[in-house]
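Input: a single structure, listed below in structure tokens.
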There are 2 protein chains.
Amino acid sequence: MAIHKKESFTQKEQDLAAFAKALSHPARIAILKVLAQRNECICGEIVDVLPLAQSTVSQHLKELKNAGLIDGNIVGPRSCYCINWKAFEKFTVDFNLLFNKLKVQNEKACC
Amino acid sequence: MAIHKKESFTQKEQDLAAFAKALSHPARIAILKVLAQRNECICGEIVDVLPLAQSTVSQHLKELKNAGLIDGNIVGPRSCYCINWKAFEKFTVDFNLLFNKLKVQNEKACC
DNA sequence: TTCATTAATCGTATATTTGCGATATAAGAT
DNA sequence: ATCTTATATCGCAAATATACGATTAATGAA
């Protein structure tokens, strides 16, 4: 892949893709599910639930945090994470704007 | 990455992740946008619009098709694609089920 | 201070994705 | 039958992602 072409697309397309990318691994879906259920959760609890090594879970958490989907802060020697519902809302709205509006017009299949 | 762990997660988690993965590249978002606007579209028109080589676009279309997000059929020497709104609907519903319900309860941030 | 616990980061191996040119395929046109 | 056009597929190179063990850092407990 000589050169990266992602920059050639609109910011909105890139943002939406980045959001989807953060959700594109079952481990991260599972992490979000746990966080959604418990509202907040320390890292160790997530590690206990997932079939992955601690370092791998930490890496997935970092990606979710970088994508802005979760927040995290340190509580003593632990790390407490929770879903950033605001960012979540923004992206689901953008997603619906992009496709669901058009859906109403084009509901009929063509192929 | 010695072994793949994706299989260790629930089917729903895997399905949702696979859907998100199909959306995780701006080129594929752009393709879906074009298809949504025009309802149906032949491959060449998409190639003209995107800043990518024909073979690369064809590959992205294949991924979207494999993920079930678009349908395609051959019309003479061309390929006509369109969005599979039904599959789209299914996944957006699943997505909302997983997170939006819980959101109502947990709207307050914790971190 | 020393030890134990928790989690982030580093280094590394392997898998997957992305991208392109070249080639193959298949239909319609001449 | 040959040529043109449209698109899929192949083969390859480079970039990214995934996973883990080992290490580091930072806090609280003894």
Side-chain angles (χ1 to χ4, degrees), chain A residues 1-9 13-14 17-31 34-35 40-67 70-82 111, chain B residues 1-9 13-14 17-31 34-35 40-67 70-82 111:
Chain A
M1 181 173 52
I3 299 160
H4 255 287
K5 294 296 191 73
K6 288 186 180 172
E7 304 76 22
S8 318
F9 297 91
E13 285 162 354
Q14 290 183 55
F19 174 71
K21 192 170 174 179
L23 296 175
S24 73
H25 193 287
R28 293 195 286 272
I29 297 281
I31 288 172
V34 173
L35 291 181
E40 69 180 46
C41 195
I42 62 168
C43 175
E45 294 177 313
I46 300 167
V47 172
D48 290 344
V49 170
L50 297 198
L52 295 170
Q54 177 266 322
S55 59
T56 306
V57 172
S58 203
Q59 207 170 293
H60 282 304
L61 285 166
K62 191 181 177 185
E63 278 174 69
L64 286 169
K65 200 172 177 184
N66 285 343
I70 64 174
D71 291 315
N73 60 0
I74 295 164
V75 181
R78 295 133 206 268
S79 286
C80 176
Y81 288 100
C82 67
C111 300
Chain B
M1 179 173 54
I3 297 160
H4 255 289
K5 294 295 191 69
K6 288 187 181 171
E7 304 76 22
S8 317
F9 297 91
E13 285 162 353
Q14 291 183 56
F19 173 70
K21 191 170 174 179
L23 296 175
S24 73
H25 194 287
R28 292 194 287 273
I29 298 281
I31 288 171
V34 174
L35 291 180
E40 69 180 48
C41 196
I42 63 168
C43 175
E45 295 177 313
I46 301 168
V47 173
D48 289 344
V49 170
L50 297 198
L52 295 169
Q54 176 267 321
S55 59
T56 306
V57 172
S58 200
Q59 207 171 293
H60 282 304
L61 284 166
K62 192 181 175 185
E63 278 173 70
L64 287 169
K65 200 172 176 185
N66 285 344
I70 65 175
D71 291 316
N73 61 1
I74 296 165
V75 180
R78 295 135 205 266
S79 286
C80 176
Y81 288 100
C82 66
C111 298

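This is a predicted model, so every value here is computed, not measured. Numbered from 1 within each chain, the chains take letters A, B, ... in sequence-line order.
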Next item on the list: Report the residue (B:Arg78 or A:Ala27) whose heavy-atom-nearest nucleotide on DNA chain D is the more 5′ of the two.
Entry: B:Arg78
Item checked: Earlier contact from the 5' end, DNA chain D, for A:Arg28 and B:Ser79 -> B:Ser79
Nearest-0.5 Å distance that lies between atom [atom1] in [X] and atom [atom2] in [Y]:
X       : Y       : atom1 : atom2 : value
B:Leu64 : B:Leu35 : CG    : CG    : 8.0 Å
A:Ile70 : A:Cys41 : CD1   : SG    : 10.0 Å
B:Glu13 : A:Ile31 : CD    : CD1   : 10.0 Å

Between atom [atom1] in [X] and atom [atom2] in [N], what is the gap in whole Å?
X       : N      : atom1 : atom2 : value
B:Glu45 : D:dT5  : CD    : P     : 17 Å
A:Ile46 : C:dA7  : CD1   : C1'   : 11 Å
A:Asn73 : C:dT6  : CG    : C1'   : 15 Å
B:Ile31 : C:dT18 : CD1   : C1'   : 13 Å
A:His25 : D:dT16 : NE2   : P     : 18 Å
B:Leu50 : D:dT7  : CG    : C1'   : 15 Å
A:Ile42 : C:dT5  : CD1   : P     : 14 Å

Margin query: Among residues 51-62 of chain A, which ones have heavy-atom contacts with DNA chain D below 4.0 Å?
Written below: A:Leu52, A:Ala53, A:Ser55, A:Thr56, A:Gln59, A:His60
Next item on the list: Please identify each residue that fulfils side chain to side chain contact (heavy atoms under 4.5 Å, CB included) with A:Lys62, with sequence neighbours left out.
Entry: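 Result, side chain to side chain contact (heavy atoms under 4.5 Å, CB included) vs A:Lys62: A:Asn66.
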Next item on the list: List for me each residue that meets side chain to side chain contact (heavy atoms under 4.5 Å, CB included) alongside A:Ala18, sequence neighbours excluded, and say none if there are none.
Entry: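 Per chain and number, A:Ala18 pairs via side chain to side chain contact (heavy atoms under 4.5 Å, CB included) with no residue.
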Check: Is a side-chain N or O of A:Gln14 found less than 3.5 angstrom from the main chain of B:Pro26, in a donor-acceptor match?
Finding: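 The answer is no, because no donor-acceptor pair under 3.5 Å joins these two groups.
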Could you list the protein-to-nucleotides 24-30 of chain D atom pairs, N/O on both sides, closer than 3.5 Å?
none

Note to self: Are B:Tyr81 and B:Asp71 packed together at the side-chain level, in the sense that at least one heavy-atom pair is separated by less than 4.5 angstrom?
What the structure shows: no
Next item on the list: Could you check if a side-chain atom of A:Ser79 sits within less than 4.5 angstrom of a side-chain atom of A:Asn73, using non-hydrogen atoms only?
Entry: no
Check: Does A:Tyr81 have a side-chain nitrogen or oxygen under 4.0 Å from the phosphate oxygens OP1 or OP2 of C:dT6?
Finding: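 For C:dT6, OP1/OP2 do not have a side-chain N/O of A:Tyr81 under 4.0 Å.
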Next item on the list: May I ask you to list the residues of residues 17-24 of chain B, by number, that have any heavy atom positioned under 4.0 Å from an atom of DNA chain C?
Entry: B:Lys21
List the atom pairs, donor and acceptor, that lie under 3.5 Å between side-chain atoms in residues 45-60 of chain B and the rest of the protein, sequence neighbours left out.
unit_1: B:Glu45; atom_1: OE1; unit_2: B:Ile42; atom_2: N; d: 3.2
unit_1: B:His60; atom_1: ND1; unit_2: B:Arg28; atom_2: NH1; d: 2.9

